[in-house]
Amino acid sequence: MDKELLSISEMAKLRHMTPETLRHYDRIGLIKPHVIDPSTGYRYYSIHQYEVLGTIRELKEIGLSLKEIKSFLEERNVEQSLHIMEAHQKKLQLKIDQLVRIESSLSQKMNDLRRISKEGATVEPHIRRIPKRYFLTTNRTVTNDIELSYAAIEIERLLMQNVSLVAGSFLGLFFEASLQEGLEDQQTAVLVAQTSFPNDYSKEDLIQVPSGTYVCLRHFGEVWDRNTCLSQMMEYIEREGMKIVGHAIQMVEVDVSVTDRLEESLFEIQIPIAVK
């Protein structure tokens, strides 16, 4: 025979929760037992409270805190319920949008790592067409590891205003590449982060790099270990009679976020050239 009163264990089992959760709800005044046996102290819940517990679960699922749920249960009506649902629908949509971005960035990162792992360091300079890109920057120049670390912190702060996964963006360095200048004059650089979401940032913080043709070459090691690679690229550009038409870009392809082995750290230098 069906009964109106259920023990705390029975109600917890019926609602797929623990008895301790019900005790916690009782302690904070969210939902109290319908009856407490004065002689034993046993808590009993009415079957009619089953739906209230269902409402609490639903409100938790859309993001309300227990404090907000308690306030809602104490005085609820259709208008208030609609207002809460609309507000939390907006929050959920923001979370969904962010998760979609994270998944997209993660997928791109995984594809890049698979390609890079297969290709490894390129032995000879080669020409590649690269589509239009947007880079976020603080325009802070760097010449050593200490300056690079602080510049990375500034870039991270800009990124964190809109995304929670910094690894979803791809770091790089802009620097002058010239056939006339010595390699020692090409150490000063500006740290940048490639972003797929330029509309999230102010134009002052963005650099738009149009699609173009690049001479590309990869190197292992640390970020500053690029002189040998650059020498090889400059010799190739000069030998082929090419003209450099913009800043070189040194993209971080494999770094400490995916490996702790220095020999696996990989960079690609991209020097824009005019096509004959």
Side-chain angles (χ1 to χ4, degrees), residues 102-137 140-156 159 163 165-177 183-184 186-196 207 209 211-237 242 244 246-273:
I102 291 172
E103 193 281 330
S104 174
S105 296
L106 183 60
S107 178
Q108 182 180 347
K109 189 76 170 180
M110 289 167 61
N111 288 336
D112 287 344
L113 287 174
R114 290 190 185 103
R115 172 180 56 82
I116 293 163
S117 177
K118 183 178 180 180
E119 296 174 354
T122 45
V123 179
E124 298 289 340
H126 63 282
I127 295 176
R128 189 165 88 244
R129 186 76 180 175
I130 300 178
K132 178 174 67 176
R133 293 172 288 178
Y134 291 91
F135 292 90
L136 187 65
T137 182
R140 177 172 179 160
T141 58
V142 297
T143 59
N144 55 55
D145 284 337
I146 294 177
E147 292 175 352
L148 184 60
S149 295
Y150 281 100
I153 291 171
E154 292 179 1
I155 286 283
E156 181 176 330
L159 287 167
V163 295
L165 187 68
V166 177
S169 297
F170 303 91
L171 294 177
L173 290 169
F174 278 20
F175 63 94
E176 294 283 352
L183 294 178
E184 67 275 5
Q186 297 174 15
Q187 292 299 314
T188 300
V190 174
L191 184 68
V192 296
Q194 186 177 346
T195 177
S196 300
I207 299 174
V209 177
S211 60
T213 304
Y214 291 78
V215 173
C216 302
L217 188 61
R218 292 196 183 112
H219 71 89
F220 287 105
E222 297 184 359
V223 65
W224 308 111
D225 298 336
R226 63 186 180 209
N227 283 358
T228 300
C229 187
L230 272 173
S231 294
Q232 194 175 352
M233 297 176 78
M234 293 302 182
E235 290 173 5
Y236 175 82
I237 291 170
M242 298 173 177
I244 298 173
H247 286 87
I249 306 172
Q250 183 182 19
M251 293 301 299
V252 181
E253 296 203 322
V254 177
D255 64 2
V256 294
S257 68
V258 294
T259 183
D260 60 359
R261 299 177 181 178
L262 181 60
E263 67 272 15
E264 289 186 339
S265 295
L266 187 63
F267 303 84
E268 181 178 70
I269 297 178
Q270 305 162 353
I271 300 178
I273 57 168

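In this chain, numbering begins with 1 at the start of the sequence shown. As a basis for the values below, the full set of heavy atoms in this structure was taken, side chains included, without hydrogen atoms, waters or symmetry mates. Since the model is a prediction, treat every value here as computed from it, not as a measurement.
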Looking only at heavy atoms, what is the nearest atom pair of Glu147 and Arg140, with distance? O-NE, 4.4 Å
For Asp145, does its backbone N or O pair with a side-chain atom of Ser149 as donor and acceptor, under 3.5 Å? yes
side-chain contact (heavy atoms from CB on, under 4.5 Å) between Leu191 and Leu148: does it pass, once the steps are laid out? CA-CA 7 Å; Leu191 184 68; Leu148 184 60; 3.8 Å; yes
I need the minimum non-hydrogen distance between Met233 and Val215, along with the two atoms involved. CE-O, 3.1 Å
Atom pair NZ (Lys132) and OG (Ser211), whose distance is rounded to the nearest 0.5 Å: 8.0 Å
Does any part of the side chain of Ile271, heavy atoms only, come nearer than 4.5 Å to the side chain of Met234, both counted from C-beta? yes
Could you pull out the closest heavy-atom pair between Leu266 and Arg218, with the gap in Å? CD2-CD, 3.6 Å
Please round to the nearest 0.5 Å and tell me the distance separating atom CG of Leu171 and atom CD of Gln194. 10.5 Å
Output yes when a side-chain donor or acceptor of Thr143 lies under 3.5 Å from a complementary backbone atom of Ala189, and no otherwise. no
Heavy-atom side-chain contact between Val252 and Phe267 under 4.5 Å: yes
Using 30° and 60° as the class boundaries, would you call the ring planes of Phe135 and Phe174 parallel, tilted or perpendicular? perpendicular
Identify the two heavy atoms, one from Pro125 and one from Leu217, that lie closest to each other, and give their separation to 0.1 Å. N-CD1, 3.7 Å
Could you tell me whether Ile146 atom CD1 has more than 12 heavy atoms of other residues or ligands within 6.0 Å of it? no
What verdict does the side-chain contact (heavy atoms from CB on, under 4.5 Å) test give for Tyr134 and Ile207, after you've listed the backbone C-alpha separation in whole Å, the side-chain angles of each residue and the deciding distance to 0.1 Å? CA-CA 6 Å; Tyr134 291 91; Ile207 299 174; over 6 Å; no
Do the non-hydrogen side-chain atoms of Val192 and Thr137 ever get within less than 4.5 Å of each other? yes
Is there side-chain contact between Ile127 and Met242, with at least one heavy-atom pair below 4.5 Å? yes
Ile249 vs Arg133 side-chain heavy atoms within contact, under 4.5 Å: yes
His219: which of Gln232, Glu268, Gln250 passes side-chain hydrogen bond (donor to acceptor under 3.5 Å, both in side chains): Gln250
